[in-house]
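A short worksheet on the structure shown next.
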Amino acid sequence: PLLGEMKRKIRNSEWFHMFNGDVISMPDKWEYPWYAAWDLAFHTISLALVDFVFAKDQLLLMLRSLYCHPNGQIPAYEWNFSDVNPPVHAWATLYLYKVERALGREDIKFLERSFRGLMLNFNWWLNRKDPDGNNVFSGGFLGLDNIGVFDRSAPLPTGGSLEQADGTAWMAFFCQNMLEMALILADHDPEEYEDFAFNFLQHFVWIAYSMNRIGEFPDEMWDEEDGFFYDVLRMPDGSGKRLKIRSMVGLLPLCASTIFEPETIAKLPRLTELVQLFRERYPEVLAQISPTEDGFVGYGGRRLLSPLSKDRLERVLSYLLDEKEFLSPFGIRSLSRYHLDHPFVFDFAGQHYDVSYLPAESDTGMFGGNSNWRGPIWMPVNALIVRGLLNLYSFYGDEFTVECPTGSGNRMTLFEVSKEITRRLSSIFLKDADGHRPVYGGTKKFQEDPHWRDAILFYEYFHGENGAGLGASHQTGWTG
């Protein structure tokens, strides 16, 4: 409204309310000297090691009226505030709150202020990114730049829309974080927050139900034959087609795994009553999304919320832990190595599109061409996968084991799997048998010069085969 009759398109013009006048953590002092919402959420985890007040203020900043849009959207990054980043602010908020609580200085006011702002953002996601109201979410690139066969933030060449497995998994994760926050706040004010907790529980159930359709039809995210989640291309005529790219998109449902101790809900009578009523009304829904045949109760009486049943978990893990697929010597690849010899190809209206495994730099100009999600290892999503696996271990216990690596005959608990992935990630920075650090690849000065060899740089992402650092080289907070 403030632009008047101006005809030319002004970048970020719909964010006329914004006033950026604060110190904000940046992804990189050279290549990325601007803020980005999901980068900032990860930064706060590292910033909390040196300045908890500043870390919490950074999270609150994006929820304040001078930054957050009146409709509830959090600004993505400076050249396009209206793009969409994964909703990880709630997770970062919970992480900082729990660390402070463990240190004996619980900050319930911080949690409450954050909850109010995140409620607005949650409703924006519900109203804007689930256009058909079927609990299947889009969102665009969602931080994964060139991971798709198309630019996911641009109009599709086929028309129609994209139903995103990662967007839907991120929303399941967001629901779990908001539910957990509501349960904590209900300890202090049950009358105010029990209904909020039930609301987020319901949202999670319906999202998980939408992801857990049988998988026998081409317009369902889960592919029963492959045992993996894929994005679905929804054509203008309403028909759907899975885009069968084995990528981080199909692994992110692992991140949406959260446990609740048995006493957490039991001490809230109103919530217990609402949950029981839901059980009576929708038994078939709960039966379809329950983690095991025995329901939602696992080791130690713990409850698990996850879009993955035990059977589907095993099938997805068989890909995750396969060294010919996702498991690199240095962590989890963003795209399966399978696509090195089997590129995904899509032809439409005379146009050719393909996705191949590229363990290093990108070979396309998508999103500037200076990042690559088609093979390299990215630390933040690896960390969230490890978090998910640890929660799953807390539910399934020592009796649940999987082959790691797949095909090796070596069985591990999910706790041991988490340790193994963490060991591989750490080895990027540690000296090998020859005294070289994989992070520095073939750069002789950084490997051998005594003035440089112990000055560790935290790169943006890492080579999917040899662990060498790639992209921007000062990504402290995003990587380290």
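Note: hydrogens, waters and symmetry copies are ignored here, and every other heavy atom, side chains too, is used. Just so it is clear, the structure is predicted and the values come from calculations on it, not from any experiment.
Taking the ring centroids of Y319 and F228, they lie under the 6.0 Å cut-off. In this structure, F174 has its ring center no closer than 6.0 Å to that of W170. With ring centers used as reference points, W15 lies under 6.0 Å from H69. In this structure, F19 has its ring center no closer than 6.0 Å to that of Y67. Taking the six-membered ring for Trp and the full ring otherwise, the centers of W79 and Y77 sit less than 6.0 Å from each other. Taking the centre of each ring, Y459 and F429 stay at or above the 6.0 Å mark.
The residues R453 and D449 are annotated as not salt-bridged, no charged nitrogen and carboxylate oxygen being separated by less than 4.0 angstrom. Salt bridge D145/R152: absent, no basic N to carboxylate O contact under 4.0 Å. R242 and D231 are not joined by a salt bridge, as no carboxylate oxygen comes within less than 4.0 angstrom of a charged side-chain nitrogen. Between R337 and E323 there is no salt bridge, since none of the side-chain N atoms of the basic residue sits less than 4.0 Å from a carboxylate O of the acidic one. Between E465 and R333 a salt bridge is recorded (basic side-chain N to carboxylate O distance below 4.0 Å). A salt bridge is absent between D219 and K241: the closest approach of a Lys/Arg side-chain nitrogen to an acidic carboxylate oxygen does not fall below 4.0 angstrom.
For the pair R246 and Y338, the distance from NZ or CZ to the six-membered ring centre is under 6.0 Å and the angle to the ring normal is within 45 degrees.
With sequence neighbours left out, the ring pair (Phe, Tyr, Trp, His ring centres under 6.0 Å) criterion links H474 to no other residue. Take F196 and apply the ring pair (Phe, Tyr, Trp, His ring centres under 6.0 Å) test, not counting sequence neighbours, and it matches F115, Y193. Applying the side chain to side chain contact (heavy atoms under 4.5 Å, CB included) test to Y95 and every residue at least two apart in sequence or in another chain returns I45, W91, V99. Partners of K109 by side chain to side chain donor-acceptor pair (under 3.5 Å), not counting sequence neighbours: none found. Residues satisfying the ring pair (Phe, Tyr, Trp, His ring centres under 6.0 Å) test with F346, not counting sequence neighbours, are F150.
Closest of all the heavy-atom pairs between L179 and A197 is CD1-O, 3.2 Å. A pairwise comparison of heavy atoms in P438 and L430 identifies CD-O, 3.3 Å as the closest pair. Nearest approach of A37 to H89, heavy atoms of both residues: O-CE1, 3.3 Å. When all heavy atoms of N372 and A360 are compared, the closest pair comes out as ND2-O, 2.8 Å. Considering every non-hydrogen atom in both S371 and W378, the closest pair reads CB-CH2, 4.0 Å. The minimum heavy-atom distance between A92 and T44, with the atom names listed, is CB-OG1, 4.0 Å.
Paired with F173 under the rule side chain to side chain contact (heavy atoms under 4.5 Å, CB included), one option of L384, T168, I207 passes, and it is L384.
With a 4.5 Å cut-off on side-chain heavy atoms, L111 and I184 count as touching. Looking only at side-chain heavy atoms (C-beta outward), D432 and R437 stay at 4.5 Å or farther from each other.
Counting non-hydrogen atoms of other residues, nucleotides and ligands closer than 6.0 Å to CZ of R424 gives a total above 12. Counting non-hydrogen atoms of neighbouring residues, nucleotides and ligands closer than 6.0 angstrom, the CZ atom of R387 exceeds 12 such neighbours.
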Validation: residues 52-65 side-chain donor-acceptor distances under 3.5 Å, sequence neighbours left out:
unit_1 : atom_1 : unit_2 : atom_2 : d
K56    : NZ     : E100   : OE1    : 2.8
K56    : NZ     : D107   : OD2    : 2.6
D57    : OD1    : R64    : NH1    : 3.3
D57    : OD1    : R64    : NH2    : 2.7
Q58    : OE1    : S25    : N      : 2.8
Q58    : NE2    : V23    : O      : 3.0

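Judged purely by distance below 3.5 Å, without hydrogens or angles, the side chains of E14 and S82 pair a donor atom with an acceptor atom.
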